[in-house]
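I have placed the structure first, in the form of structure tokens, so that the comments after it can refer back to it.
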Amino acid sequence: MRSIKEEEDLISKLPDVILSSIISLLPVMEGVRTGVLSKRWETMWKYSSHLNFDQRKMLKPLIEEYIQTSEPTTRLKMAMCRKISPEDEQYFDTIAQTAMLITSIMDNHIGPLKSCSIRHLVGWTL
């Protein structure tokens with residue numbers, strides 16, 4: 001009986017076209033993270049034929065922290081006024097950084113792109 005280490009790695013033997021198709025099914029951030037699996041996978045996401053960005057998932061940890069550390073009345077007031085107090089600007093800077101990250105990923109994409117979707121924070125629920 002072979003140990004887990006001795007098991008054959010069938011996924012790594014797949015052609016690049018198949019691997020990029022599989023990665024295309026993942027949300028972009030997960031697809032990019034597959035690069036840590038092996039040297040061969042580092043740039044595989046760049047050939048993904050579908051890019052699916054979800055700002056809610058990209059920003060979820062920060063937004064959860066904001067919700068946990070701010071008063072509900074403050075959040076409601078901010079939402080109603082659509083104004084940003086100086087102490088809350090950091091959260092909106094993060095949204096801008098996410099937009100820059102999306103732009104960077106798009107700029108580094110190489111392969112043919114069949115579709116691209118960007119889900120914004122509208123309708124955010126935890």
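Since we're looking at a predicted model, the values are computed, not measured.
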Do Glu42 and Val36 have side chains that get closer than 4.5 Å, going by heavy atoms?
-> no

Remaining members of hydrophobic cluster (4.5 Å side-chain criterion), Ile110 = Tyr47

Could you note down all residue pairs passing salt bridge (charged side-chain N to carboxylate O under 4.0 Å, His left out) where residues 17-31 supplies at least one of them, sequence neighbours left out?
->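 Only Glu30-Arg33 qualify under salt bridge (charged side-chain N to carboxylate O under 4.0 Å, His left out).
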
By salt bridge (Lys or Arg N to Asp or Glu O under 4.0 Å), which residues pair with Lys114, not counting sequence neighbours?
->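 Lys114 satisfies salt bridge (Lys or Arg N to Asp or Glu O under 4.0 Å) with no other residue.
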
Before giving the answer on side-chain contact (heavy atoms from CB on, under 4.5 Å), spell out for Ile105 and Met29 the whole-Å C-alpha distance, their side-chain angles and the decisive distance to 0.1 Å.
-> CA-CA 10 Å; Ile105 289 171; Met29 297 311 293; 4.0 Å; yes

Measure the spacing between [atom1] of [X] and [atom2] of [Y] and express it to the nearest 0.5 Å.
X: Leu113; Y: Leu51; atom1: CG; atom2: CG; result: 5.0 Å
X: Phe53; Y: Leu101; atom1: CZ; atom2: CG; result: 7.5 Å
X: Met106; Y: Cys116; atom1: CE; atom2: SG; result: 4.0 Å

Residues in side chain to side chain donor-acceptor pair (under 3.5 Å) contact with Thr103, at least two apart in sequence or another chain = none

Side-chain (His109) to main-chain (Gly111) donor-acceptor, under 3.5 angstrom | yes

Could you pull out every donor-acceptor pair under 3.5 Å between side chains of residues 16-28 and any protein atom, sequence neighbours left out?
{"unit_1": "Asp16", "atom_1": "OD1", "unit_2": "Arg40", "atom_2": "NE", "d": "3.1"}
{"unit_1": "Asp16", "atom_1": "OD1", "unit_2": "Arg40", "atom_2": "NH2", "d": "2.7"}
{"unit_1": "Ser20", "atom_1": "OG", "unit_2": "Asp16", "atom_2": "O", "d": "3.3"}
{"unit_1": "Ser20", "atom_1": "OG", "unit_2": "Val17", "atom_2": "O", "d": "3.0"}
{"unit_1": "Ser21", "atom_1": "OG", "unit_2": "Val17", "atom_2": "O", "d": "3.0"}
{"unit_1": "Ser24", "atom_1": "OG", "unit_2": "Ser20", "atom_2": "O", "d": "2.8"}
{"unit_1": "Ser24", "atom_1": "OG", "unit_2": "Ser48", "atom_2": "OG", "d": "2.8"}
{"unit_1": "Ser24", "atom_1": "OG", "unit_2": "Ser49", "atom_2": "N", "d": "2.8"}
{"unit_1": "Ser24", "atom_1": "OG", "unit_2": "Ser49", "atom_2": "OG", "d": "3.4"}

